[in-house]
Every structure is written in structure tokens, then in C-alpha cells.
Amino acid sequence: MIAAPQSPYVVDPADPRAPDAATWARLSEAERRRVVASLPAEVPWELSPPEGDEHRLAREQAIDALGRFLRTTGRKVYLSSEMGIFYPGEPRFSPDVFAVLDAEPHPRRSWVVQAEGRGLDFVLEVHVAGDLAKDLTGNVEKYARLGIGEYFVFDKTHTRIHGYRLPPAERGTAGTGRTYERLVPQMGRWSSSVLGIDLTIEDGQLRFMVGNAPLEWSDEVIQRLGGMLDHVLASKDAADRERQEMAARAEELESALEEEKRAREEAEARVAALEAELARRK
């Protein structure tokens, strides 16, 4: 009996990884699609442990503000959160927020570097609880080695931002011996050259700035638009009241003019009657 041919690469459910570069090169297009489809979309608890509402809200606000800003710039940027990331031969990981330049922003189950043709350009981690060394030591070494251009950590517990950047020549591809340059804040702001924004802390919250303008969160936009709508409605109500008052004054004026016309006609009639009476008596 002839044994069925073995697949050149099988994803290990206990440790799912994308194939290394050499194995990927040997795969056919159909085999590559099969491998990508077999990589799990779900993110296990140990890769993204729950840290409560403070962590969730900071992450959601970052995605919200950055997403609306990037859509207004017209730049083609893929922005997502807590998704399985698969670099060649590497254990998967799941950043709180990440961005990839020049990537189509359609929905994905996971990010497989070989299938997408590029790695991550920007990563933001939000720390509220747990092992801070993972973000400030382990990830700093790993993300630099993977060629991720910029890495920021918002340490909400200590109200700090940590920023790291690779030289442009070392970005985009993985390699050993790479180390991040630690970013020095200017006037309390950390600059992201990848996204063209600054990061800062305002009232204990992470904020993104473009020039002197903060990127608004959705609730702030809703509140601002609500205030504008209230102002428009108040102006409309005032204009309606003024029109009603003018209409009332116009009606009063028209009534007064009619009364004056009747009085004038009555006076003219009396004058005519008197003239006729005088003429008759002559």
C-alpha cells in the first residue's frame, strides 16, 4: 500500500508558527494558502491576559483616535489590535495596537508576515498590570530583532511613555544584533516618525497629537458635535422667535394701517358731505 504523501509543513497546534524562510520558499502557492488558513485566529489567554477596564479603554481609545486620523490623511495603513502575529519561524505574539504602512485595511483573522509581504511598522503596548519587564525588556529585544520600526509602551500604572526606534536601514526585516534607539521626549512629547504624530500624557491618559491639536476620541467628537448641534438648534429657535415677533409686529402694523385708512375714508366722506351740504344751501 502506497503511503499518502506527507505535507511539507504542518502547523503544530501546541506551538503554532509560520514556516521559516527556507520552508516557505519550497511551498507551492496552494500549500502556502493551506498553511496560512491553518494558523489559529484566536489569541490564547497567556498572550493577551485581561488587565481590566483601564487597559481596555486605553487600547480602544488609541485604536479609535489613530484610526480616524489615518482615514483623514488618506494614507493606506492597516491598524489593528490584539491579533495573532506570525513572523517566519517565530512564536506568535499579540500586540495591544499595531500598524503596517502601505497595507490594505481590509479585515483579517491574523497577520502572517510571509503572506502579507511585510512586517509590522509600529507597535504600542499598554501596561496596567502584570510583568512590566516583558514590555520594557523582552519586547524591546524581540521587536528590534524582528525589524519593527517603532515601539512605544504606555505605562499607565506609573504614568510614563517609553519610546524606541530602529534606524531606517534596519526596519522591515528580521535580523540579529539589532537594538533600538531609546527616544527622548521633547516638551513632554514622544515623536512617531512612522505615523507622523506625537504621543503624550494628558490627565493620566495617553493622547496623540498632530502639531498642537490632540486627536479626539469618539466621545469627544460626539460631545463637540452635540454642542455644535445645540448651538445651531438654539440659533434656529431664536431665529424662529424673531420671525414670529416680526410677523406679529407686521400684523399689528397692517391692522393699524387699515384702521388709519378707514379713519381717513370716514373723514373724507364727512368732508364731502359737508361740502355737498354747503353747496346745496348756496
Side-chain angles (χ1 to χ4, degrees), residues 3-52 55-56 59 63 78-100 103-104 106-153 164 166 170-180:
Q6 294 293 316
S7 173
Y9 186 81
V10 177
V11 174
D12 180 1
D15 184 17
R17 303 188 184 203
D20 59 32
T23 302
W24 181 265
R26 292 196 300 268
L27 298 177
S28 66
E29 287 301 318
E31 290 168 336
R32 290 175 177 178
R33 288 194 296 270
R34 177 190 57 76
V35 168
V36 171
S38 64
L39 291 170
E42 68 276 6
V43 177
W45 180 90
E46 60 270 18
L47 291 184
S48 183
E51 297 184 46
H55 181 270
R56 176 184 60 82
R59 186 187 71 247
I63 285 286
Y78 180 70
L79 180 72
S80 194
S81 172
E82 293 192 320
M83 175 183 290
I85 308 297
F86 294 90
Y87 272 76
E90 295 280 344
R92 64 178 164 175
F93 60 98
S94 178
D96 286 328
V97 179
F98 70 91
V100 185
E104 294 294 340
H106 60 76
R108 292 168 169 82
R109 298 171 63 249
S110 60
W111 186 272
V112 183
V113 172
Q114 290 148 311
E116 299 286 352
R118 60 187 306 116
L120 311 187
D121 293 302
F122 172 95
V123 166
L124 168 68
E125 299 284 7
V126 177
H127 177 81
V128 174
D131 184 11
L132 183 57
K134 172 181 175 289
D135 291 327
L136 299 184
T137 302
N139 284 347
V140 169
E141 296 172 356
K142 178 174 69 177
Y143 291 166
R145 176 172 55 80
L146 295 178
I148 297 174
E150 287 183 341
Y151 172 45
F152 291 89
V153 179
Y164 308 89
L166 282 177
E170 297 181 3
R171 301 177 189 177
T173 57
T176 58
R178 297 179 178 180
T179 57
Y180 275 128

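- The heavy-atom pair separating Phe86 from Pro16 by the smallest distance is CE2-O, 3.6 Å.
- Using the six-membered ring where Trp is involved, Phe93 and Tyr87 have ring planes that are parallel, under 30° apart on the 30 and 60° scheme.
- You'll find the side chain of Arg32 stays beyond 4.5 Å of the side chain of Gln114, heavy atoms only.
- Between Arg108 and Tyr78, the closest heavy-atom pair is NH1-CD1, 3.1 Å.
- Heavy-atom minimum distance, Pro95 versus Leu120: CG-CD1, 4.2 Å.
- Side-chain atoms of Arg92 and Ser110, non-hydrogen and from C-beta on, never get closer than 4.5 Å to each other.
- When all heavy atoms are compared, the tightest approach of Gly84 to Val43 is N-CG2, 3.7 Å.
- The CG atom of Leu124 sits 10.0 Å away from the CG atom of Asp135 when rounded to the nearest 0.5 Å.
- Residues Met83 and Ser80 share a closest heavy-atom pair of CE-OG, 3.5 Å.
- Counting heavy atoms from C-beta outward, Tyr180 and Leu166 have side chains that approach closer than 4.5 Å.
- Contact annotation: the side chain of Lys134 approaches that of Asn139 to within less than 4.5 Å [non-hydrogen atoms, C-beta and beyond].
- To the nearest 0.5 Å, atoms CD (Glu90) and CG (Asp20) are separated by 10.5 Å.
- Between Tyr151 and Tyr164, the ring planes are parallel. Angles under 30° get that label, and only those over 60° would be called perpendicular.
- Under the 4.5 Å side-chain criterion, counting only non-hydrogen atoms from C-beta, Phe122 is in contact with Phe152.
- Side-chain contact between Arg17 and Val11: absent, with no pair of heavy atoms (C-beta onward) separated by less than 4.5 Å.
- The side-chain heavy atoms of Arg26 and Tyr9, taken from C-beta on, include no pair separated by under 4.5 Å.
- One finds no salt bridge joining Glu31 and Arg34 here, because no Lys/Arg side-chain nitrogen approaches an Asp/Glu carboxylate oxygen to under 4.0 Å.
- Using a 4.5 Å heavy-atom cutoff, the side chains of Val113 and Pro88 are in contact.
- Shortest non-hydrogen contact noted between Val100 and Gly119 is CG1-O, 3.5 Å.
- Arg59 and Glu82 are joined by a salt bridge, as a carboxylate oxygen and a charged side-chain nitrogen come within less than 4.0 angstrom of each other.
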Requested in this report: I would like to know whether Glu116 and Trp111 meet side chain to side chain contact (heavy atoms under 4.5 Å, CB included); could you show each step before the answer?
Outcome: CA-CA 7 Å; Glu116 299 286 352; Trp111 186 272; 3.5 Å; yes

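- A side-chain donor-acceptor contact under 3.5 Å links Glu125 to the backbone of Asp96.
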